[in-house]
Amino acid sequence: MKKRSLVSINDYTKEEQLRILDLAEEFEQQPTQKILQDYVVATLFFEPSTRTRLSFESAVSRLGGKIVGFSEASSSSVSKGESLKDTILTVSNYSDLIVMRHPKEGSARFASEVATVPIINAGDGANQHPTQCLLDLYSIRKTQGKLDDLDIVFVGDLKYGRTVHSDVMALVNFNVRFHFVSPPELKLPSSVKKYIKDKNLEYYQYTDLNEAIPKGDIIYMTRIQRERFSDPIEYEKVKNAYILKNNMLKHSKENVKVLHPLPRVNEISLDVDDNPKAYYFQQALNGVYVRQALVASILGVK
Amino acid sequence: MENKELRKELQVSAIENGSVIDHIPADSVFQVIKILGLESADNQILFGTNLDSQKYGKKGIIKISNKFFAPEEINKIALVAPQATLIVIRDYKVTEKKQVEVPDEILKIVKCFNPNCITNHEQIQTRFELVSKTEIKLHCYYCEKITAKDNIVFV
């Protein structure tokens, strides 16, 4: 994977994805290794993100690498009207690898074409977020011991949630059964369902969260945003129907883990946090190991 | 009767050498001219539109002297004129006739339907992959969204 950009999860084969997960396990055993001392990594965040940026910077720092970059477009030359192409070409001169988050879909693919160094997409609009996907795969494998023969329940905004789309695209490479829980307005788009159908995998759709909970080995929660609804009354109707409360986990499987890409607003009640089935904060920590693995792998030091 | 037929045939004069693009939908003639960049060509060009056609009702036709199209060049028009026929003329005779085909990759000519796509905000040539030939669905190489036939706008 040396020198290769990661824009969309499909850019890496199943084997390459698994290699990153294996490498992430090594970093979990030994997170501090001074292997990037000769490297500079640029983090260009054209829109703010706490978790993704900090976990990348933490990952690089623990490996001894240097970080340059900005955390919002207003503190970059973009505010002077510089094009994305010019920004990327310039930063290519200053770094060995660019991690980029941008509000426009396709920006990362474009950046990977013009850059002279590899690009890691840390989110391009509503399109892709492949590193979140890899850390989700890592979290699923770590908690279940495998990626095959699992029942995965996705809950919430399945229409616009880029994480759900990337996760589905990656999980179709494994023999999983999908359970999708959402209001009818926010069902998984047919363009994503196509990946499941192409592999002849089973999937089920629900509007009632309680119906799906007992089936899952993984319950993947996402946030439903008010602005996704054209009719505010529709939002009011569904907003409380997709909140996971601790007592709802009573009939869940013993091995189930609750995942969430975070930030959470209210879709997981605070009383779930102390349940050993809650895994979302460990999931966020796994993001550091996975990003260490990815950066080290692309820079060719592992 | 014979005279009328003759007059019809001569509505757009014959050319000695070059290409004829026939069976263009009448409302797409100017689009085809644009896609092929004929506006700035030095060749002699004759065209007609809203001509009677037994097959299509109304049709357009373009004749370009001393111009021979490569398949990837002519296939660009398939998005607006899927039924078009390319006829190669040498010494006033038809030497080749073929249907245009929608290419697997569509470069530069179509705008991405997704308003949040980077190609609509930076100076980037668009690039699509054809995902379905039967109903024409274009998959944007950049934002990965689909632009369907009804939403196609030309750059």
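In the text below, chain A, chain B and the rest are named by the order of the sequence lines, each starting its count at 1. Keep in mind that this is a model prediction, so the values were computed, not measured.
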Counting only heavy atoms not in A:Lys14, do more than 12 fall under 6.0 Å of its NZ?
yes

Does atom CG of A:Asp231 have more than 12 heavy-atom neighbours from other groups under 6.0 Å away?
yes

Say you draw a straight line from CD of B:Glu144 to CG of A:Asn10; how long is it, rounded to the nearest 0.5 Å?
7.5 Å

CD of B:Gln125: more than 12 outside heavy atoms within 6.0 angstrom?
no

Rounded to the nearest 0.5 Å, what separation is found between the CD1 atom of B:Ile124 and the CZ atom of A:Arg109?
12.5 Å

OH of B:Tyr142 to OG of A:Ser8: how many Å apart, nearest 0.5 Å?
14.5 Å

Other residues, nucleotides, ligands: >12 heavy atoms within 6.0 Å of B:Lys58 NZ:
yes

Who in residues 68-87 of chain B is close to chain A, using a strict under-4.5 Å heavy-atom cut-off?
none

Taking the side chain as every heavy atom from C-beta outward, state whether A:Lys85 and B:Gln123 have any atom pair closer than 4.5 Å.
no

Using a 6.0 Å cut-off, check whether atom CD of B:Gln44 has over 12 heavy atoms from anything other than its own residue.
no

So which residues of residues 90-108 of chain A are in contact with chain B at a heavy-atom cut-off of under 4.5 Å?
A:His102, A:Pro103, A:Lys104, A:Glu105, A:Gly106, A:Ser107

Considering only heavy atoms and a distance below 4.5 Å, find which of A:Ala126, A:Gly125, A:Ser83 pairs most often with chain B.
A:Ser83

Should we count NZ of A:Lys159 as having more than 12 external heavy atoms under 6.0 Å?
no

Please classify the contact of B:Lys145 with chain A as side chain, backbone, both or neither, using a heavy-atom distance under 4.5 Å.
side chain

Just verifying a value: how many Å separate B:Asn114 CG and A:Asn127 CG, rounded to the nearest 0.5 Å?
8.5 Å

Min side-chain heavy-atom separation A:Phe110-B:His121 under 4.5 Å
no

